[in-house]
Amino acid sequence: MTSPLQLPPAARPGDALSSIDTPALLLELDAFERNLDRMQAAATAAGVALRPHAKAHKCPAISLAQIQRGAVGICCQKVSEAFPFANAGVQDILISNETVGPAKAALAAELARHCQLTVCVDHESQIADLAAASQAVGSQMALLVEINIGQNRCGVTDAPAVLALIEQIQRHPQLRFKGLQAYLGSIQHVRGHEERRAAAAGAAERTAAVVAALRQAGHACEVITGGGSGTVEFDLASGVYTEVQPGSYIGMDADYGRNDFTGTLHFEHALFLASSVMSVGNGERTVVDAGLKSLTLDSGLPLVWGHGQVSQQLSYSAASDEHGIVQLLSPEAERPALGTQLWLVPGHCDPTFNLHDEVIAVRAGRVEAVWPIAARGLSR
Ligand code: PLP
Ligand code: MN
């Protein structure tokens, strides 16, 4: 009998870039590490804790690199998503999101036996479920009340609503009120630097008003957390947030690349999807082997990368499941030969990471490591 087929890896440490089998997600380590260092230095200088969001990449090796540089822990958006991170040794995890129902509360209570866990709530029944589940397994949990500062997604609307939930939390010795989750995603991609600054100032002001009302009622917030890669420069300077939770800055994406980052903090493209020209095409068109199943289009098309910048010669114009159409932008543009590797900047990093089992960490023309995207697909 023949042995079962083994799929060889797309790349091994030490391989040349040209031998990576495509499509493959790449992290260019020099730029990635500069992004991590810049963010940590800015947070440290501001005296604000950095708790990077792991939903952006779902890769424990990336979180460990952030913690090694001084991050206090991580955020996850889903309870199951946090499991591989806890197993990899991340000790302090915030689920920056609500959980609902006894099954999810049981997952959270189990997770809390393996790390220091904080979860967001915006309703008393979430508190009741988390209390029961924690009691059942003997775990402890901290809770943040999420406030709606303009996202109109989750969160309570005002300080009296927060106070009502604090009262509920205080009935359970295994639960502890820790502060506020105040995130406003819709302003992260406001393009203009000044417009984004003004929007972030509004968010911080609304948050500060709730904090002040809680303080008057005798409740201090140990943690006030929020912010993303688009507003982090302003969040750090706000004097309101004790903690920020940016995610995408690790590698950026084409959508974030359209923001004007002319302030003091900017980040580099470090995340690429390596594709190959699989059919030479004709006229203005060539075809690569990367479509919807290797990058997502929810925030726009990927960009073609060449010589350290967005290509002026080639433009990704359409995707089907496994194919990408690339346009030659001028008659002088050189048609890439069959098999040529083209690097793409994904439109949106978070859902693109979620399509891949591993990310290939590269430096100076070589594969340095292959990192599992261990929380890929974990959306419970
Ligand atoms: N915090 C929360 C609650 C989020 O939903 C997100 C992203 O959507 C982030 C932080 C991180 O944002 P970004 O990846 O844009 O930095
Ligand atoms: Mn995103």
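Ligands are counted one by one from 1 in listed order, and the atoms in each one are counted from 1 as well. From a predicted model like this one, the values you see are computed outputs, not experimental measurements.
- For ligand 1, the polar-atom distance check finds no N/O of Q181 at less than 3.5 Å from any of the ligand's N/O atoms.
- Ligand 1 has no atom lying under 4.0 Å from any heavy atom of E146.
- The closest protein non-hydrogen atom to atom 7 (C) of ligand 1 is K55 NZ, 2.8 Å.
- If you look at Q188 next to ligand 1, there are no close heavy atoms at all, none under 4.0 Å.
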Chi angles and distances behind the side-chain contact (heavy atoms from CB on, under 4.5 Å) call for H356, L273: CA-CA 10 Å; H356 295 269; L273 193 280; 3.6 Å; yes
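- R376 places a side-chain N or O within 3.5 Å of a backbone atom of L355 that can act as its donor or acceptor partner.
- In this structure, S96 counts as a contact residue of ligand 1, since one of its heavy atoms falls inside 4.0 Å of the ligand.
- In summary, of the residues considered (I166, V145, L165), a side-chain contact (heavy atoms from CB on, under 4.5 Å) with I127 occurs for L165 alone.
- Among D253, D298, L295, L297, the one residue that satisfies the side-chain contact (heavy atoms from CB on, under 4.5 Å) test with P351 is D298.
- Regarding atom 5 (O) of ligand 1, its nearest protein heavy-atom neighbour is Q77 NE2, 2.9 Å.
- Within the 4.0 Å heavy-atom cutoff, Y256 counts among the residues contacting ligand 1.
- Protein heavy atom closest to atom 13 (P) of ligand 1, with residue, atom name and distance, is S248 OG, 3.5 Å.
- Of all protein heavy atoms, the one lying nearest to atom 12 (O) of ligand 1 is Y183 OH, 3.6 Å.
- Within the 4.0 Å heavy-atom criterion, the part of R153 lying near ligand 1 is the side chain and not the backbone.
- Geometry note: the Mn ion (ligand 2) is the vertex, H348 NE2 and D350 OD1 are the arms, and the angle is 80° (rounded to 10 degrees).
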